[in-house]
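A, B, ... follow the sequence lines: proteins, then strands. Residue 1 opens every chain.
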2 protein chains.
Amino acid sequence: MPKGNCHGQGWWHGKFRGCGYRLTAGREAILDILSHEEGHLSADDIYIKIHPKYPSVGLTTVYRTLDVLSSLGMVYKLDFGDGRSRYEVAEGPKGAHHHHHLVCTRCNRIIDYTDFIDDEVELLNRTEKGLEKKYKFKITNHLIQFYGVCEECSGKA
Amino acid sequence: MPKGNCHGQGWWHGKFRGCGYRLTAGREAILDILSHEEGHLSADDIYIKIHPKYPSVGLTTVYRTLDVLSSLGMVYKLDFGDGRSRYEVAEGPKGAHHHHHLVCTRCNRIIDYTDFIDDEVELLNRTEKGLEKKYKFKITNHLIQFYGVCEECSGKA
DNA sequence: ATTATAAATGGAAATCATTTCCATTACGTG
DNA sequence: CACGTAATGGAAATGATTTCCATTTATAAT
C-alpha cells in the first residue's frame, strides 16, 4: 500500500472494476508511476521507469494501459509538439490540482501553472455551457496551453 | 494574382524575404491552398491537393515549408489527436478571424467556433500578462480546445 | 543579361512513435 | 478447481515525419 498516495487505491480499483477492466500488476505500476513522478511522461519514459521493478511489463502494455486510463478519464494525453504523447494523471477525488501549461517553443520545457486558474475555469465553464447549447456538443474536457520562450531561452538570445 | 485572397501577396512576400527565405512556387502553392481551403489540412492533404497543378512539388517540401511557415508564425500547427499534424493559416493583417476548436473524441470532427471569443481573448490577455511577469516567460501564442461528443455521435449512442 | 553562391528541392531511405497480430498467461466468476 | 475471457509480451507492421545527397533554382552582384 503506497503511502502518500493522493488518489487512494479504492478509486482506481472501483473505476476499473466498474467498467469491466481488470486491475493487473502492470496497470497498477503504471498508475503508480504517473501519480508519484513529477512531470509529463511519455510511454517510453514510463516503460523505462517501470522496467527495473517490473521487467515483465512490455512497452505494448504501457501503451494499451495508457489508452484505457485515458478513455476512463483518469489520465490526460497531452501533446507538447515534440512528436511523442505525454501523459499525466487527471484530478481524482482527492487528486492533483487543476493546472494548465506553459510550453517553451525553444527548449520544450513545460511549466505547470495554477495561477489565474479560478478565473479561467469560471470563464471556461460559462463558455462550455454556451457552446454545448449552440452546437449540441457534450463537452467533457478542455485544454489550454500558452506557447512562448522561457526565461533561460530568452537569455540565450 | 488570386482574387479574394484575404492575406495579400505582399504580406507573405515581405515576411519571407524579411527573414531571408526565398519565395518559391512550391511555397506559394502551399500558402495558397492553406488560405483558400476550408478545414484543417494535414501535410499529406496539402500534397494531394497541390499535386495535380504542381506535380513537381514533393511531400518533403510540403513538410519543410510548413515548418518554415510555422516558425514564422504564419501557420499554426495543430494536434487533434488523430496521429497527424494539421495546419491552418494564422490571422494575417487582414486575415482569418480568431477562433478556437471543438474536437469530437468519437468521430474526430472539428468545429471552429468564434462565439465567446471576445471574452476568452480578454481573459487570456490578462492571464498572459500575469504569467509573463511571474514566470518571466514571453508568451507568443495560445491554444484552447474543448473535447467532447458532437451531435451526430451522441445520437449514435 | 550573366554569373556565382547559398538556399531549396525531390525522391529514396532512414527514423521513430505507435499499433497490430497472435499464441500464451492470468484474473475472477461459478 | 475449472472455465471463459481479458490481458499480455514480443515481433512485425504501420505510418507520419525526417534525413541524406546530388541536382536545381532564386537572388544579389557583376
Trainee: When you measure from the side chain of B/T60, which nucleotide among C/dT18, C/dT20, D/dT19 comes out closest?
Mentor: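 Per side-chain heavy atoms of B/T60, the pick is D/dT19.
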
Trainee: Output one letter per nucleotide in nucleotides 25-30 of chain C: B when a protein non-hydrogen atom lies under 4.0 Å from the base, S when only the sugar-phosphate is that close, - when neither is.
Mentor: -BB-S-

Trainee: Pick base, sugar-phosphate or nothing for A/R27, based on heavy-atom distances below 4.0 Å to the nucleic acid.
Mentor: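 If one applies the 4.0 Å heavy-atom cut-off, A/R27 turns out to touch the sugar-phosphate alone, with no base involved.
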
Trainee: Write down the distance between CZ (A/R86) and P (C/dA17), rounded to a whole number of angstrom.
Mentor: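 Checked: the CZ to P distance equals 10 Å.
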
Trainee: Nearest-Å distance, OH (A/Y47) to C1' (D/dT8)?
Mentor: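 Checked: the OH to C1' distance equals 13 Å.
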
Trainee: For residues B/E88 and B/H99, is any side-chain donor paired with an opposing acceptor at under 3.5 Å?
Mentor: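 Yes, a side-chain donor-acceptor pair sits under 3.5 Å.
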
Trainee: Rounded to whole Å, how long is the line connecting atom OH of B/Y54 with atom C1' of C/dA8?
Mentor: 17 Å

Trainee: Roughly how many Å is it from CG in A/D45 to C1' in C/dT18, rounded to a whole number?
Mentor: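 These atoms are roughly 15 Å apart.
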
Trainee: Rounded to whole angstrom units, what separation is found between the CG atom of B/D44 and the P atom of D/dG15?
Mentor: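 Roughly 12 Å, once rounded to whole Å.
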
Trainee: Heavy atoms under 4.0 Å, any strand shown: does B/G83 hit a base, just sugar-phosphate, or nothing?
Mentor: sugar-phosphate

Trainee: Testing the 3.5 Å rule here: is there a donor-acceptor pair between the side chains of B/H100 and B/Q145?
Mentor: no

Trainee: Can you figure out which of D/dT18, C/dT18, C/dC21 approaches the side chain of A/L59 most closely?
Mentor: C/dT18

Trainee: Taking CZ from B/R64 and C1' from C/dT9, how many angstroms apart are they, rounded to a whole number?
Mentor: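 Between C1' of C/dT9 and CZ of B/R64: 6 Å.
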
Trainee: B/R86 side chain to B/H40 main-chain N or O, any donor-acceptor pair under 3.5 Å?
Mentor: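 Confirmed, B/R86 side chain pairs with B/H40 backbone.
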
Trainee: Can you find a side chain N or O atom of A/Y63 that sits less than 4.0 Å from OP1 or OP2 on C/dT18?
Mentor: yes

Trainee: Any Lys/Arg nitrogen of A/R126 or A/E122 sitting under 4.0 Å from an Asp/Glu carboxylate oxygen of the other?
Mentor: yes

Trainee: What is the distance, to the nearest angstrom, from the NZ atom on B/K77 to the P atom on D/dA16?
Mentor: 14 Å

Trainee: In whole angstrom, give the distance that lies between atom CD of B/E28 and atom C1' of D/dA26.
Mentor: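 Interatomic distance, CD of B/E28 to C1' of D/dA26: 12 Å.
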
Trainee: Does a side chain donor of either B/D115 or A/Y135 reach within less than 3.5 Å of an acceptor in the other side chain?
Mentor: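 On atom types as modelled, these side chains qualify, holding a pair under 3.5 Å.
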
Trainee: Counting just side-chain N and O atoms, does A/S85 come under 4.0 Å of either OP1 or OP2 of C/dA17?
Mentor: no

Trainee: Does the A/R109 side chain pair with the main chain of A/C104, one donor and one acceptor, at a distance under 3.5 Å?
Mentor: no

Trainee: Between B/S42 and B/D45, do the side chains contain a donor N or O and an acceptor N or O under 3.5 Å apart?
Mentor: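 Present: a donor and an acceptor within the cut-off.
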
Trainee: Can you tell me if the side-chain N/O atoms of A/R84 get under 4.0 Å from OP1 or OP2 in C/dT18?
Mentor: no

